[in-house]
Protein chains: 2
Amino acid sequence: MGVPFDPKLSKLFRALGDDTRLLIMEQLRQRNDQSLFELCARLIEEHDITLTRQAITRHLNTLEEAHLITTAWRGRTKVHSLTADSFEETINPWLQPFFKGDVE
Amino acid sequence: MGVPFDPKLSKLFRALGDDTRLLIMEQLRQRNDQSLFELCARLIEEHDITLTRQAITRHLNTLEEAHLITTAWRGRTKVHSLTADSFEETINPWLQPFFKGDVE
DNA sequence: TTTACATGCAACACAATTGTTGCATAAAGA
DNA sequence: TCTTTATGCAACAATTGTGTTGCATGTAAA
């Protein structure tokens with residue numbers, strides 16, 4: 001049978017399966033605690049992404065539901081950060097057997 | 001700006017963002033060179049997946065277009081295998097900066 | 001209190017994905 | 001040749017995903 005299957009994993013991969021969301025991940029990797037407006041501004045400036053604020057919000061929600069980012073309120077702005085250990089805990093355990101390449 | 005963006009990456013993640021396809025990857029990790037019918041049989045027996053042959057074919061095509069698996073003809077059967085180094089070449093370079101956690 | 005700011009939510013349109021059924025092709029064997 | 005086996009492809013329906021517009025909510029500042 002192999003690995004007991006984690007239903008969170010496909011959701012996590014699906015969340016990463018979009019160019020805009022990968023750019024958001026890249027932005028947050030460079031700098032945590034960014035507000036929605038900061039992220040919109042940087043995506044427009046650095047990557048010519050022209051989406052409405054609401055569209056970006058939905059991408060952020062998708063990433064949050066996949067536990068890839070976390071949010072916190074600071075005054076009236078909501079700041080977004082990478083979930084520190086999401087990769088170590090989810091992707092990496094799944095990925096390791098493929099790296100080893102042993103057929104058992 | 002950061003990393004020069006690889007458009008193949010989101011496609012690869014999206015291909016992994018489906019439970020059935022993750023099960024196929026798991027099957028092929030355990031044993032390469034499986035035909036369509038072998039895969040169908042094992043998915044039904046071991047994971048209670050009840051999909052038609054045509055549905056499995058489309059999942060296999062999705063994985064192949066993402067360069068996660070490769071195919072070869074052996075007589076009149078088409079056998080499927082993992083693309084040996086797809087993870088090392090695509091996911092891993094992208095993943096590393098997140099592991100390090102350095103903010104530059 | 002009024003204004004501006006930051007975000008949330010719902011409805012709608014459009015596109016992409018997923019799975020089915022039905023038929024086609026092509027090769028191996030009786 | 002006829003049948004079986006293994007696969008491919010197209011059309012259709014149902015679902016999900018993506019992005020927009022418009023309006024609502026709540027908080028900080030003037």
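Order of the sequence lines fixes the chain letters, A, B, ..., with proteins taken first and strands second; residue numbering starts at 1 for each chain. In this text, all values refer to a predicted model and were calculated from it rather than measured experimentally.
- Atom CD in A/Glu65 sits about 13 Å away from atom C1' in D/dT16, given to the nearest Å.
- Proximity of a side-chain donor or acceptor of B/His80 to a complementary backbone N or O of B/Gln34 within less than 3.5 Å is detected.
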Atom pairs, N/O to N/O, protein against nucleotides 26-29 of chain D, distance under 3.5 Å?
unit_1: D/dT27; atom_1: O2; unit_2: A/Arg76; atom_2: NH1; d: 3.2

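- When the P atom of D/dT4 is taken as reference, atom CZ of B/Phe37 falls 14 Å away, rounded to whole Å.
- Rounded to whole angstrom, the span from the CG atom of B/Leu60 across to the C1' atom of D/dA6 amounts to 13 Å.
- Ring geometry for B/Phe13 versus B/Trp94: interplanar angle over 60°, hence perpendicular rather than tilted (30 to 60°).
- Note on A/Arg42 versus A/Glu45: no salt bridge recorded, every NZ/NE/NH1/NH2 to OD/OE distance being 4.0 Å or above.
- Rounded to a whole Å, the CH2 atom of B/Trp73 is 15 Å from the P atom of C/dT25.
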Write out a two-atom table: protein N or O, nucleotide N or O from nucleotides 18-24 of chain D, distance below 3.5 Å.
unit_1: D/dT18; atom_1: OP1; unit_2: A/Asp18; atom_2: OD2; d: 3.4
unit_1: D/dT18; atom_1: OP1; unit_2: A/Arg21; atom_2: NH2; d: 3.4
unit_1: D/dT18; atom_1: OP1; unit_2: B/Arg14; atom_2: NH2; d: 3.3
unit_1: D/dT18; atom_1: OP2; unit_2: A/Arg21; atom_2: NH1; d: 3.3
unit_1: D/dG19; atom_1: OP2; unit_2: A/His59; atom_2: NE2; d: 2.4
unit_1: D/dG19; atom_1: N7; unit_2: A/Arg58; atom_2: NH2; d: 3.0
unit_1: D/dG19; atom_1: O6; unit_2: A/Arg58; atom_2: NH1; d: 3.4
unit_1: D/dG19; atom_1: O6; unit_2: A/Arg58; atom_2: NH2; d: 2.9
unit_1: D/dT20; atom_1: OP2; unit_2: A/Thr52; atom_2: N; d: 2.9
unit_1: D/dT20; atom_1: OP2; unit_2: A/Thr52; atom_2: OG1; d: 2.7
unit_1: D/dG22; atom_1: O6; unit_2: A/Gln54; atom_2: NE2; d: 2.9

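- D/dG17 atom P lies 17 Å from atom CG of A/Asp19, rounded to whole Å.
- With contacts defined as side-chain heavy-atom distances shorter than 4.5 Å, the pair B/Arg29/B/Leu82 qualifies.
- When rounded to the nearest whole Å, the span between NZ of A/Lys11 and C1' of D/dT16 equals 13 Å.
- One finds the CG atom of A/Leu23 at 5.0 Å from the CD1 atom of A/Ile49 (value rounded to the nearest 0.5 Å).
- Going from atom CD of A/Glu38 over to atom P of C/dC5 covers 16 Å, rounded to whole Å.
- A distance of 9.0 Å separates NZ in A/Lys8 from CD in A/Glu89, rounded to the nearest 0.5 Å.
- Scanning both residues, A/Leu68 and A/Ser86, for their nearest heavy atoms gives CD2-OG, 3.8 Å.
- In this structure, a donor-acceptor pair under 3.5 Å is present between the side chains of B/Asp33 and B/Ser81.
- Between B/Glu64 and the choices B/Thr70, B/Thr71, B/Thr83, the side-chain hydrogen bond (donor to acceptor under 3.5 Å, both in side chains) rule is met once, by B/Thr71.
- Atom NZ in A/Lys78 sits about 8 Å away from atom P in C/dC9, given to the nearest Å.
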